[in-house]
Amino acid sequence: MAAARKIIIDTDPGQDDALAILLALGSPELDVLGITAVAGNVPLALTEKNARKICELAGKPETKVFAGAIRPLVRDLVTAEHVHGRTGLDGPDLPEPEMPLQEQHAVDFIIETLMVHEEGEITLCPLGPLTNIALALNREPRIASRIREIVLMGGGFFEGGNVTPAAEFNIYVDPHAADVVLRSGAPVVMMPLDVTHKALTTRSRIAAIRDLGTKVGNACAELLEFFERFDEEKYGTDGGPLHDPCVIAYLLQPDLFGGRRCNVAVETGSELTMGMTVIDWWQVTERPKNALVMRDIDADGFFKLLTKRLARL
């Protein structure tokens, strides 16, 4: 059996972040070296606590959780309590975490881990704003060539935006950080709204998770039912898009997804389109291809994988 793929999950939980973390912790093919929290869906004091709550829910209190950036590189922090609730994990009643927060800063952990491991050994999995990743790249540019891949959830092109007409939330919160990451030269795989809006938490898919009959299954069903209410009203769909677990699913089963390599640039100058990901899908420029951008997903296969791995916890 091949050695487990070493990953760092950078996250701002978030119900969908929680499902992504659980998917990773329930998958023996992945070795979660650490979880780094960033301000995003809710402020940092909640995201680092939420990450620990999820690790304890998974029965993995030995997982190392680090607190990172408290605000974006340049702009003021924008949060999304109207989607995720006051705590960021509204839905189930999860107990306060007992596992400790690591003393080391998340950015220092990211840099140190990449520098001590072999080149091309560590995959970064950002599920929220890219502030921690950009700070690490700015502080130690040598890490860019050591990263195996940065597989991120963010952006949109044919789907437009979900927080402004042009911008997806993660990129909008810290567009300057996204710009740093996409210019870094590190290999990037991007899961935009064009993919995640096809991964809907329908009634039958949530029922399958609840039918696991476990503490994790019940909590996940409650998380999803709270989370989807906003998008169901917004989009008029049966269920809401399950964004962040797409990142982890890609590592486990890349054939669930389809896309193409193209150039991605981020708007950082215009307030009208701030955070827009300008994706050269049709190759109409000569700008270098800097990301593998996904557009298609086998949604049934994705939820089958997710449910199977949640059953392991």
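As the structure is a computational prediction, the values presented were derived from the model and not from experiment.
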K.L.:
Just wondering, more than 12 heavy atoms not from E62 lying within 6.0 Å of its CD?
P.N.:
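Atom CD in E62 is crowded, with more than 12 foreign heavy atoms closer than 6.0 Å.
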K.L.:
Determine the minimum heavy-atom distance between D280 and Q283, stating which atoms define it.
P.N.:
OD1-N, 3.0 Å
K.L.:
Do E149 and L292 touch side chain to side chain, with heavy atoms closer than 4.5 Å?
P.N.:
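Of all side-chain heavy-atom pairs linking L292 with E149, none is under 4.5 Å.
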K.L.:
Less than 4.5 Å apart, any side-chain heavy atom of I171 and any of M276?
P.N.:
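Result no, sub-4.5 Å side-chain heavy-atom pair not found.
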K.L.:
Between V266 and M294, is there shared hydrophobic-cluster membership here, with clusters defined by ILVMFWY side-chain heavy atoms closer than 4.5 Å?
P.N.:
no
K.L.:
Tell me, with the steps shown, if D174 and R71 meet salt bridge (charged side-chain N to carboxylate O under 4.0 Å, His left out).
P.N.:
CA-CA 9 Å; D174 200 342; R71 53 159 294 153; over 6 Å; no
K.L.:
For residues D16 and H84, determine if any side-chain heavy atom of one lies less than 4.5 Å from a side-chain heavy atom of the other.
P.N.:
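Sidechains of H84 and D16: in contact.
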K.L.:
For Y172, does the six-membered ring have the charged nitrogen or CZ of R75 within the cation-pi criterion, i.e. under 6.0 angstrom from the centroid and within 45° of the normal?
P.N.:
yes
K.L.:
Are there over 12 heavy-atom neighbours, none belonging to R261, within less than 6.0 Å of that residue's CZ?
P.N.:
yes
K.L.:
Could you measure the distance from the CG atom of L251 to the CZ atom of R148? Nearest 0.5 Å is fine.
P.N.:
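With rounding to 0.5 Å, CG (L251) is 8.5 Å from CZ (R148).
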K.L.:
Anything under 30° is parallel, anything over 60° is perpendicular, the rest tilted; go ahead and classify F257 against F302.
P.N.:
perpendicular
K.L.:
Compare all side-chain heavy atoms of V42 with those of D12 and state whether any distance is below 4.5 angstrom.
P.N.:
no
K.L.:
If the condition is salt bridge (Lys or Arg N to Asp or Glu O under 4.0 Å), which residues does E267 pass it with, not counting sequence neighbours?
P.N.:
none
K.L.:
Looking only at atom types and distance, does a side-chain atom of R295 sit under 3.5 Å from a main-chain N or O of D194, one as donor and one as acceptor?
P.N.:
no
K.L.:
Check whether L130 and V195 end up in the same hydrophobic cluster, where Ile, Leu, Val, Met, Phe, Trp and Tyr are linked by side-chain heavy atoms less than 4.5 Å apart.
P.N.:
no
K.L.:
Should I279 and M190 count as side-chain neighbours, where that means a heavy-atom distance under 4.5 Å?
P.N.:
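With C-beta onward as the side chain, the pair touches.
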K.L.:
Can you list the steps and then say if K60 with L313 is a side chain to side chain contact (heavy atoms under 4.5 Å, CB included)?
P.N.:
CA-CA 9 Å; K60 305 281 187 178; L313 296 172; 4.3 Å; yes
K.L.:
Quick check for you: to the nearest 0.5 Å, what is the distance between C125 atom SG and L30 atom CG?
P.N.:
7.5 Å
K.L.:
Atom CG in L33, atom CD1 in I110: separation rounded to 0.5 Å?
P.N.:
11.5 Å
K.L.:
So which heavy atom on I206 is nearest to which on T201, and how close?
P.N.:
CD1-O, 3.7 Å
K.L.:
Identify the heavy atoms of F226 and G91 that sit nearest to each other, and give their distance.
P.N.:
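Smallest interatomic distance, heavy atoms only, reads CB-CA, 4.0 Å.
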K.L.:
Look at E29 together with R309 and state whether they make a salt bridge at an N to O cut-off of under 4.0 Å.
P.N.:
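Looking at R309 together with E29, the answer is yes, because their closest N to O distance falls below 4.0 Å.
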K.L.:
Any side-chain heavy atom of P43 within less than 4.5 Å of one from E81?
P.N.:
yes
K.L.:
What pair of heavy atoms forms the shortest contact from P129 to V173, and how long is it?
P.N.:
CG-CG1, 3.6 Å
K.L.:
Quick check: is L101 connected to V38 through a chain of hydrophobic side chains (ILVMFWY, heavy atoms under 4.5 Å apart)?
P.N.:
no
K.L.:
Kindly compute the distance separating OG1 (T196) from CE (M191), expressed to the nearest 0.5 Å.
P.N.:
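Reported to 0.5 Å precision, the distance equals 10.0 Å.
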K.L.:
In terms of side-chain heavy atoms, does N50 have a donor or acceptor partner in T47 at a distance below 3.5 Å?
P.N.:
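No pair is found: no donor N or O on one side chain lies under 3.5 Å from an acceptor on the other.
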K.L.:
Could you state the interatomic distance from CD1 (I35) to CD (Q102), rounded to the nearest 0.5 Å?
P.N.:
11.0 Å
K.L.:
Sub-3.5 Å donor-acceptor pair from the side chain of N290 to the main-chain atoms of L182, do we have one?
P.N.:
yes
K.L.:
Do the side chains of L310 and L19 get nearer than 4.5 Å, heavy atoms only?
P.N.:
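A side-chain contact exists here, since the closest heavy-atom pair is under 4.5 Å.
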K.L.:
Might you point out which heavy atoms bring A144 and A186 nearest each other, and give the distance in Å?
P.N.:
O-CB, 3.7 Å
K.L.:
Whether E48 and R52 form a salt bridge (side-chain N of Lys/Arg under 4.0 Å from carboxylate O of Asp/Glu) is what I want to check.
P.N.:
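Salt bridge flag = yes for E48 with R52.
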K.L.:
Cluster question for you: counting only ILVMFWY and a side-chain heavy-atom cut-off of under 4.5 Å, with indirect links fine, are V181 and M274 together?
P.N.:
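V181 does not cluster with M274.
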K.L.:
Using side-chain heavy atoms (C-beta onward) and a distance below 4.5 Å, is L22 in contact with I54?
P.N.:
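Yes - at least one pair of side-chain heavy atoms lies under 4.5 Å apart.
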K.L.:
Kindly indicate, with the supporting measurements, whether the criterion side chain to side chain contact (heavy atoms under 4.5 Å, CB included) is fulfilled by R146 and E140.
P.N.:
CA-CA 11 Å; R146 305 184 68 82; E140 179 48 90; over 6 Å; no
K.L.:
What distance do I122 atom CD1 and H117 atom NE2 have between them, rounded to the nearest 0.5 Å?
P.N.:
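One gets 4.5 Å once the value is rounded to the nearest 0.5 Å.
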K.L.:
Would you say L127 and L44 are hydrophobically clustered, going by side-chain heavy atoms of ILVMFWY under 4.5 Å?
P.N.:
no
K.L.:
Any donor-acceptor pair under 3.5 Å linking the side chain of E121 with the backbone of K6?
P.N.:
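No, the answer is negative, given that no donor and acceptor are paired below the 3.5 Å cut-off.
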K.L.:
Taking atom CG of D255 as the centre, does the number of heavy atoms from other residues, nucleotides or ligands within less than 6.0 Å exceed 12?
P.N.:
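Correct, the count exceeds 12.
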K.L.:
Apply side chain to side chain contact (heavy atoms under 4.5 Å, CB included) to the pair E222 and D90, showing each step before the final yes or no.
P.N.:
CA-CA 9 Å; E222 291 176 18; D90 282 19; over 6 Å; no
K.L.:
Looking at K198, I want to see if its NZ is surrounded by more than 12 non-hydrogen atoms of other residues, nucleotides or ligands under 6.0 Å.
P.N.:
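Result for NZ/K198: enclosed.
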K.L.:
Side chain to side chain contact (heavy atoms under 4.5 Å, CB included) between E225 and R210: does it pass, once the steps are laid out?
P.N.:
CA-CA 11 Å; E225 285 173 341; R210 178 178 282 107; 2.9 Å; yes
K.L.:
Taking all atoms of both residues into account, what is the closest heavy-atom pair of I209 and C220, and its distance?
P.N.:
CG2-CB, 3.8 Å
K.L.:
What I want to check is whether the side chains of T268 and D179 have a donor and an acceptor closer together than 3.5 Å.
P.N.:
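There is no such pair (donor and acceptor under 3.5 Å, judged by atom type) between the side chains of T268 and D179.
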K.L.:
Within a 6.0 Å radius of atom CZ on R183, are there more than 12 heavy atoms belonging to other residues, nucleotides or ligands?
P.N.:
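Atom CZ in R183 is not packed in, count stays at 12 or less.
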K.L.:
Is it true that a side-chain atom of N263 and a backbone atom of P288 form a donor plus acceptor pair closer than 3.5 Å?
P.N.:
yes
K.L.:
Determine whether the side chains of T36 and D10 contain a donor N or O and an acceptor N or O closer than 3.5 Å.
P.N.:
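Yes - a donor-acceptor pair under 3.5 Å links their side chains.
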K.L.:
Any sub-3.5 Å donor-acceptor pair from N170's side-chain atoms to M153's backbone N or O?
P.N.:
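Pair found, side chain donor or acceptor close to backbone of M153.
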K.L.:
Between D108 and R139, is there a side-chain N and carboxylate O pair less than 4.0 Å apart?
P.N.:
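Salt bridge present between D108 and R139.
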